[in-house]
Amino acid sequence: MNTKQIEEKWQKIWLNNHYFEAQNNSDSDKEKYYILVEFPYPSGSGLHVGHVRSYSALDAMARMKRMQGYNVLFPMGWDAFGAPAEQYAIKNHIYPADAVKENIKTFKSQIMSLGLSFDWQREFSTTDPEYYKWTQWQFLEFYKKGMAYKAEKEINWCPTCKTGLSNEDAAGGVCERCGSPVTKKLKSQWILRMSDYAEKLLDGLKDTEFEERIKVAQINWIGKSIGAEVDFKLKDTEDVLKVFTTRCDTLFGVTFMVVSPEHALLKKYANKIKNLKEVESYQKEAASKSEIERTDVSKEKTGVKIEGLTAINPVNNEEIEIWISDYVLASYGTGAIMAVPAHDERDYAFAKKFNIPIIPVIEGGSITEEAYTLDGTHINSGFLNGLNKEEAINKMLVYLEEHKIGKKTTNYRLQDWIFSRQRFWGEPIPMIYCEKCGWVPVPETDLPVLLPKVAHYEPTDTGESPLANITDWVNTTCPKCGAPAKRETDTMPNWAGSSWYWLRYMDPHNDKEFVSRDALNYWGMVDYYNGGMEHATRHLLYARFWHQFLYDQGLVPTKEPFKKRVAHGMILGSNGEKMSKSRGNVINPDDMVKLYGADALRCYELFIGDYEKDAAWSDFGLKGCKRFLDRVERLKTKVIDNSTYSPKLENIIHKIIKKVTNDLSTMKYNTAVSSLMILTNAYEEQESITTKDYQTLLVLLNPIAPHITEELNEQIGSKTKIVEMTWPTFDEEKTIDNELTIGIQVNGKLRGEVTISTDETEESIKNKALNNENVKRHLENKEIIKIIVIKGKIVNIVVK
RNA sequence: GCUUAUGUGGCGGAAUGGUAGACGCACCAGACUCAAAAUCUGGCGAGGGCAACCUUGUGUGGGUUCAAGUCCCACCAUAAGCACCA
């Protein structure tokens, strides 16, 4: 069979007959089903076999659901703003928009060649002005509700990409794109108040059915911790030094305070600090270090004692020294801590190095003794003496609130979203700065703010976006007062466009609103959302935050965007390592399609292993799947015209229908394929099979190998295309074997087997088991204590 | 260090507490062929036995059960996420 020829033939038929276009029809008696696979970044290197895995998987599900009578939305589009496209353009001396266009063309034709049932009528790219108009519009919604603000802030800065990064883009202290160590830079940035949504993002997980590992990744990233804020008076000032602690019960053990190098009080009381030079040089040193250097756990503690500033412990009025050290982070809590060296490893290390006193406040809990616990009885702690951890915390909280020196607080690791990028290839942030009016949003009627045509779009060394140089674009008038004003020249991060794209698929051609209310109500939540693990704490968090915000504005009807999120495992090279050009282990899906056909490739990638786990590529495995499809084809010579199941095969067919149906709905693709192989093996053993036998196999296999099955179905004379058929159903009763072989154990060890019928009595099964020759031998000279008969499963004879 | 997973043949991997290794790959033997490829048939955890069979076996050590890959406890290893987060 010429795979190329039949693939093209059927792809054309499917496209021309609009089989895969979803209908926005709430009157339809069909139930909706929304299957979403992360839209790709159309990079210059083309489609990866990893894409093929998840696309084939979700395609199989979509095709089955359609045959089951659902109105399935299974869209595809392009996430094309951001650094990779820009770098590709710079390297190849093409305008980014043209580069993107070119890459999309390649990607699309590659995807098309796999016969995936995407609804192409809903395709869009985040770089389309018709799309990013609404991304900008939604940014303005954030702005209008006070959820977007511009502020000067120490942000993560990538010196290689020459742009600011969000906390998520700088995870682990390295730039997500290029791997360079991230530095800090004080810069005025647009920021979204994502931390306001920390609790909602945590809480909302309860309404989802995400995979556990994805939930865990999100929970870790949000990093909730419950504790208390405590105010320490700064001696001889009106100010307090506010700290966050999860162990306010150890307040009596505080022997020093530590503030981060960036702490605001240092500036305010500079005139009081006697060793200001020393403090400032420490600050400078800290600023010059990269995030990685600063947060290296193994590094020895450094710090400077601040002379001239001391704090007062609010529970015993003792005067406490204040230190500055980079082990305290400005970005977490209040940027200052109370140090309890007796019961905190880091404080202990610091105290030891600088000879600061250590006061134990929990019995048997000193860190100086090897095995220390934090849960003993309180000592040296005034009114907390004799209490355990929980009692002491509660009593201290009451004390703090009564004396108005502190309160119970919750802190999150999650920070606000740094939303500005100093790059050309992104959505312009639709804001205008006027000397008189300050920041003024671009009026809705003037959206989209288009990216201008420019000659140079390389990042600059000035820390400003390349757009800043386009004076006739930058210079505009204030929408409020008409005076000369300047446009914001920073652009949005790559994650902006992907933070709402699933909504746009519901109504992609709407030029009046970002999506119509009708479409939103009809499609609701995405039922199945597939994407890589690498997005568990970035895209998925941003998208949920964005959606939750829209929900709070009444713009979308559901709290959470995605019902179920699943993550596919990676396809590794045949050597078990990640595929990369430098390792020389990259498999190009185009080559595989050419050699073995799209169906074999799809089948193999589903069969390769547990969908959620990584799997190493094997050419042999792919050949095996090709062989399987060839065997299915050869079966057609055995077909005799008959529209009922062969009596001999009926039982197994019903079983396999049940198995494949379940497996395809629960992402157990590998066992779905193996069941179909088992069915094929059973057919091969027959002299002949009926049309219905064969057609059922073809329909079950169709979601996995759509081209060849359609072709074979046509070849055996079917007038109806599989795509127009309904999914086979099974009869539970017919999945039960009327005769089966079960094992006989003696003392739990298998000693024989016995064939029984479904309605056989327990007595009869016992007799058969006891009469088995080999079993008899094992019963010689033994006393039978008990015979356990589990119907349809096993017989176990317990002897002494 | 904390959190969450996962440990099964030569390999990918199957097994609602009930015959471990389905299915596939690789490999071995045979058939077809002048030959090769393709295809077909058979074998394939380890050890023993001519055989019937027997012993052993799902990371390690315990436990629960008539019965444990599966449940419980401890440990070891690997992976992922977080990590000087107070």
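Throughout, a chain's letter reflects where its sequence line sits, starting with A, and its residues are numbered from 1. Computed over heavy atoms, backbone and side chain alike; hydrogens, waters and symmetry mates excluded.
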- Given the C1' atoms of B:A14 and B:C25, what is the spacing between them in whole Å? 15 Å
- Item | Pairing nucleotide - B:U70, Watson-Crick or G-U, each distance under 3.5 Å | none
- Separation of A:L622 atom CG from B:G12 atom P, in whole Å? 18 Å
- Sole candidate of A:I765, A:V746, A:I756 that passes side-chain contact (heavy atoms from CB on, under 4.5 Å) when paired with A:V795: A:I765
- Complementary nucleotide for B:A29 - Watson-Crick or wobble, under 3.5 Å: B:U41
- How long is the line joining CD of A:E605 and C1' of B:G24, in whole Å? 16 Å
- Query: Does B:G7 sit syn or anti, given that only angles within 90° of 0 count as syn?
  - Reply: anti
- Message: For B:U19 and A:R751 - does any side-chain N or O of the residue sit under 4.0 Å from the phosphate oxygens OP1/OP2?
- Response: no
Would you tabulate the side-chain donor-acceptor contacts of residues 618-625 of chain A under 3.5 Å, counting partners in other chains and residues two or more places apart, or write 'none'?
unit_1: A:S618; atom_1: OG; unit_2: A:F620; atom_2: N; d: 3.2
unit_1: A:S618; atom_1: OG; unit_2: A:G621; atom_2: N; d: 2.9
unit_1: A:D619; atom_1: OD1; unit_2: A:W617; atom_2: NE1; d: 2.9

- Task: With C1' as the reference atom in both, quote the distance from B:G30 to B:C44 in angstrom, rounded to an integer.
- Result: 15 Å
Interface polar pairs with nucleotides 13-18 of chain B, N/O, under 3.5 angstrom:
unit_1: B:G13; atom_1: O3'; unit_2: A:N670; atom_2: ND2; d: 3.2
unit_1: B:A14; atom_1: OP1; unit_2: A:N670; atom_2: ND2; d: 3.1
unit_1: B:U16; atom_1: O4; unit_2: A:K793; atom_2: NZ; d: 2.0

- Task: Can you tell me the distance, in whole Å, between the CH2 atom of A:W617 and the C1' atom of B:C11?
- Result: 16 Å
- RNA chain B nearest-nucleotide lookup for A:N681 and A:L740: closer to the 5′ end is A:L740
- Task: Would you mind telling me which residue lines up with the more 5' stretch of RNA chain B, A:E753 or A:G333, judged by nearest nucleotide?
- Result: A:E753
- What residues form a ring pair (Phe, Tyr, Trp, His ring centres under 6.0 Å) with A:H654, not counting sequence neighbours? A:Y645
- Task: List in chain and number order the residues that pass side chain to side chain donor-acceptor pair (under 3.5 Å) with A:S225, two or more places apart in sequence or in another chain; answer none if no residue qualifies.
- Result: A:Y332
- Gap between atoms OH and P, on A:Y604 and B:A26 respectively (whole Å): 11 Å
- If you round to the nearest 0.5 Å, how far is NZ of A:K594 from CG of A:L601? 13.0 Å
- Item | Selection residues 253-266 of chain A - residue pairs positive for salt bridge (charged side-chain N to carboxylate O under 4.0 Å, His left out), sequence neighbours left out | A:E262-A:R294
- Quickly work out the A:K791 NZ to B:C66 P distance and round it to whole Å. 22 Å
- Query: What integer distance in Å separates A:E345:CD from B:C2:C1'?
  - Reply: 12 Å
Solution key, residues 785-794 of chain A side-chain donor-acceptor pairs under 3.5 Å, sequence neighbours excluded:
unit_1: A:K791; atom_1: NZ; unit_2: A:E760; atom_2: O; d: 3.2

- Sort and list the pairs that fulfil side-chain hydrogen bond (donor to acceptor under 3.5 Å, both in side chains) and have at least one residue in residues 669-680 of chain A, not counting sequence neighbours. A:D663-A:T671
- Euclidean distance, atom NZ of residue A:K749 to atom C1' of B:U56 [Å, nearest integer]: 9 Å
- Same-atom distance (P) from B:U65 to B:C72, integer angstrom: 16 Å
- Message: Rounded to whole Å, how long is the line connecting atom CG of A:N167 with atom C1' of B:A83?
- Response: 13 Å
- Name the nucleic acid region contacted by A:G624, choosing base, sugar-phosphate or nothing; use a 4.0 angstrom heavy-atom cut-off, strictly under. sugar-phosphate
- Quick one: look up who B:G1 pairs with, Watson-Crick or G-U, both distances under 3.5 Å, and put none if it's unpaired. B:C82
- Message: What's A:K215 touching, base or sugar-phosphate or nothing? Going by heavy atoms closer than 4.0 Å.
- Response: nothing
- Task: Record whether the side chain of A:K301 comes under 3.5 Å of the base of B:C84 through a donor-acceptor pair of N or O atoms.
- Result: yes
- Take atom NZ in A:K353; do more than 12 heavy atoms of anything else shown fall under 6.0 Å from it? yes
- Message: Students often get this wrong, so: under 4.0 angstrom with heavy atoms, is A:S325 touching a base, only sugar-phosphate, or nothing?
- Response: nothing
Short N/O separations, protein against nucleotides 36-45 of chain B, under 3.5 angstrom:
unit_1: B:U39; atom_1: O3'; unit_2: A:R634; atom_2: NH1; d: 3.3

- Task: Residues of residues 764-787 of chain A with any non-hydrogen atom less than 4.0 angstrom from an atom of RNA chain B: list those, numerically ordered, please.
- Result: A:N774, A:R777, A:H778
- Pair listing, salt bridge (charged side-chain N to carboxylate O under 4.0 Å, His left out) test, anchored in residues 220-229 of chain A, at least two apart: A:E199-A:K224, A:E229-A:K242, A:E229-A:K407
- Query: How would you list, by chain and number, every residue that makes a side chain to side chain donor-acceptor pair (under 3.5 Å) with A:W323, sequence neighbours excluded?
  - Reply: A:E321
- Query: So A:F350 and A:F256, ring-ring contact (aromatic ring centres under 6.0 Å, His included) or not? Walk me through it.
  - Reply: CA-CA 10 Å; A:F350 196 85; A:F256 60 103; 5.5 Å; yes
- Message: On the nucleotide B:A86, are OP1 or OP2 found under 4.0 Å from the side-chain N or O atoms that A:S225 carries?
- Response: yes
Atom pairs, protein N/O to nucleotides 80-82 of chain B N/O, distance under 3.5 Å:
unit_1: B:G81; atom_1: N3; unit_2: A:N220; atom_2: ND2; d: 3.4
unit_1: B:C82; atom_1: O3'; unit_2: A:R413; atom_2: NH2; d: 3.0

- Message: With a 3.5 Å limit on both atom pairs, tell me what B:A77 is paired to, counting Watson-Crick and G-U wobble, or say none.
- Response: B:U6
- Query: Would you call A:R538 and A:E168 a salt bridge, taking side-chain N to carboxylate O under 4.0 Å as the test?
  - Reply: no
